[in-house]
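Numbers restart at 1 for each chain; the letters A, B, ... are given by sequence-line order, proteins then strands. Note that the structure is a prediction, hence the values are computed from the model and not measured.
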2 protein chains.
Amino acid sequence: MPSEAQFAEIAALAGDPARASMLHALMDGRALTATELARVAGVTPQTASGHLARLSTAGLVHVEQQGRHRYHRLATPAIARMMESIMQVAAELAPPRKHFTVGPRDAALREARTCYDHFAGRLGVALADAMIAEGHVELTSDAGILTDPGLNFLGAIGIDTTGLVARRTKRSGRVLCRPCLDWSERRHHLAGSVGAAICRHSLEQGWTIRSAGTRAVLVTPKGTRIFREHFKMQIYQPS
Amino acid sequence: MPSEAQFAEIAALAGDPARASMLHALMDGRALTATELARVAGVTPQTASGHLARLSTAGLVHVEQQGRHRYHRLATPAIARMMESIMQVAAELAPPRKHFTVGPRDAALREARTCYDHFAGRLGVALADAMIAEGHVELTSDAGILTDPGLNFLGAIGIDTTGLVARRTKRSGRVLCRPCLDWSERRHHLAGSVGAAICRHSLEQGWTIRSAGTRAVLVTPKGTRIFREHFKMQIYQPS
DNA sequence: GGAATGCTTCGGGCGTCGCCGAAGCATTCT
DNA sequence: AGAATGCTTCGGCGACGCCCGAAGCATTCC
């Protein structure tokens, strides 16, 4: 029974610029060291240490000691979803300024990134569009559904679908998936267990690789081919 | 393209105890005056005025002047969803303390409340359970689906389903709905357009009425009968 | 063993922000 | 018109917390 006080505490933890940067950097689900987080937040290590102590005692990040390093990662997926939803509001409220491309780093993020466990950015929405066009998924703002051909398709390209099959609804055996509104594209992409399965497999197979230090991902030539020939992805062209 | 700075700003706005209380009070979607919000936040009117000014200039709340009153409400549904997701994290992180029923007000909230546009609390999950048991909806943690019998059922009890029908997926014509994890019950209930339609109709028909000043709702005798006889709701007994 | 690295705690400076009392408009009631 | 209500702005006080420099452990490298 969370009280408003606990609500405010969590929001306040996320509300500091330095901590927000750190949490952001952890959004891809990986574990980073304190020094790396200090760098992305633009503060000294001792300041970062204090922030990380607060985040971990609050339970937002999980710490794991390994030698002289301390690896931090988001404690639960719910925290990533919370941050997504805050980004959501930020995108809504942001002034409709034109494409002020701030830098190459932001451009890469808009191009393709991970959203904790699934793809977002132009790549994410293009994948979702392709899946919809091929009749593999159906998507509304409320929810999504993986069709039977869609399930077969995922199996055919090598994705282990046992995890998805296990999550089917009791009655009709449908596999459902979660839509996620993309803050950079302002369109929906695939999240939930389906989006996570695609992302995981794509990274394992080397279709995409993580960019060092950021949430951005790069599509490899192999991935470009797979996405075009198998997913029938049209719109996306890596720039 | 929201930056981390805007992210932090929004989180910080929600991170102050007084503002969090106010936002909480607005979670049912209604518009409240500045004085009412000052009272629920436990601050003086002039302090509340400052907070509300910040919230409105940031775009989180929308203000409407009416005579000498200024009515405040959440600017968009996305803000309510954001707060839900923060509550979500708070519930996860909250120590698993026993049922420390703080007071009658909290008890009423746990019993039945609105979650911006749909029902939550024991009533919310009981309704969802009944709909699932009757085969009207299927629900996973990722998403939900309204079955054809379910759509007919909603029409039969008088709900205007044109809004739902309009939101069907292009291909198979399914009506999808959004699950929402209940922080008090730790179970899923119905949200999205389906949950909103049920909640709206229930309030219009007098099956439930809003409790003054809080997000709690009361089930009327008429509502108790309807929920039992038509929805086949089992578990819920108003206490 | 000595040096370097990663991280933490301590102490103090400083800015920000939340809070309220007092006062000032605007609207409404009688 | 005068009083009451709703809300805001102004001024000032107090505290919380963000930040860094300095110093202290722990681990690892040479």
Side-chain angles (χ1 to χ4, degrees), chain A residues 3-26 30-73 212-213, chain B residues 3-26 30-73 212-213:
Chain A
S3 63
E4 292 167 9
Q6 298 171 56
F7 172 97
E9 184 188 339
I10 291 175
L13 282 172
D16 174 78
R19 285 192 296 265
S21 294
M22 295 179 180
L23 292 172
H24 244 88
L26 296 172
R30 281 186 300 180
L32 301 179
T33 67
T35 313
E36 287 173 311
L37 289 168
R39 191 173 41 78
V40 300
V43 294
T44 58
Q46 60 268 34
T47 300
S49 176
H51 285 308
L52 290 170
R54 292 183 61 178
L55 289 173
S56 68
T57 58
L60 284 177
V61 309
H62 178 254
V63 193
E64 203 164 340
Q65 184 113 19
Q66 219 167 86
R68 61 179 166 184
H69 299 275
R70 300 193 72 182
Y71 285 94
H72 303 76
R73 60 176 174 76
Chain B
S3 65
E4 291 166 10
Q6 299 170 55
F7 173 96
E9 184 189 339
I10 291 176
L13 282 172
D16 174 80
R19 285 193 296 264
S21 292
M22 294 179 181
L23 291 173
H24 244 89
L26 295 172
R30 280 184 300 180
L32 302 179
T33 67
T35 314
E36 289 173 311
L37 289 169
R39 192 171 42 76
V40 301
V43 294
T44 58
Q46 61 268 33
T47 299
S49 177
H51 285 308
L52 290 170
R54 292 185 60 178
L55 289 173
S56 67
T57 58
L60 285 176
V61 309
H62 178 254
V63 192
E64 203 164 339
Q65 185 113 19
Q66 220 169 84
R68 60 179 165 184
H69 299 275
R70 300 193 72 181
Y71 286 94
H72 303 75
R73 59 177 175 76

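At whole-Å resolution of the value, OH in Y71(B) and C1' in dT27(C) are 13 Å apart. E9(B) places its CD atom 14 Å from the C1' atom of dC17(C), with the value rounded to the nearest Å. Separating the CD atom of Q46(A) from the P atom of dG11(C) is a distance of 15 Å, rounded to the nearest angstrom. One atom, CG of L52(A), and another, P of dC19(D), lie 12 Å apart when rounded to the nearest Å. Computed from coordinates, the E64(A) CD to dT27(D) P distance equals 16 Å when rounded to whole Å. Summarising the geometry, the separation between CG on D16(B) and C1' on dC19(C) is reported as 10 Å, rounded to the nearest angstrom. The separation between R68(B) atom CZ and dG24(C) atom C1' is 17 Å, rounded to whole Å. As rounded to whole Å, 16 Å separates atom C1' of dT8(C) from atom CZ of R54(A).
Between A14(A) and A20(A), the shortest heavy-atom contact is O-CB, 3.6 Å.
Listed candidates were dT8(D), dT9(C), dC19(D). Nearest to the side chain of A18(A) is dC19(D).
Phosphate proximity of dC19(C) to H51(B): present, with a side-chain N or O under 4.0 Å from OP1 or OP2. In this model, the phosphate group of dC18(D) is approached by a side-chain N or O of R19(A) to a distance below 4.0 Å at OP1 or OP2. For dC19(C), the OP1/OP2 oxygens have no side-chain nitrogen or oxygen of T47(B) closer than 4.0 Å. Phosphate contact (OP1/OP2 of dC19(C), side-chain N/O of T44(B), threshold under 4.0 Å): absent. Phosphate contact (OP1/OP2 of dT28(D), side-chain N/O of H69(A), threshold under 4.0 Å): absent.
Within 4.0 Å of A53(B), counting heavy atoms only, lies no atom of the nucleic acid at all.
Between the side chain of S21(B) and the backbone N or O of P17(B), at least one donor-acceptor pair lies under 3.5 Å.
With rounding to the nearest 0.5 Å, the separation of NE2 in H72(B) from OG1 in T33(B) is 8.5 Å.
When each of L13(A), L23(A), D16(A) is tested with H51(A) by the rule side chain to side chain contact (heavy atoms under 4.5 Å, CB included), just one qualifies, namely D16(A).
The side-chain heavy atoms of R19(A) and R54(A), taken from C-beta on, include a pair separated by under 4.5 Å.
Summary of the strand contacts: Q65(A) and P17(A) both lie near DNA chain D, and taking for each the nucleotide with the nearest heavy atom, the more 5' one is attributed to P17(A).
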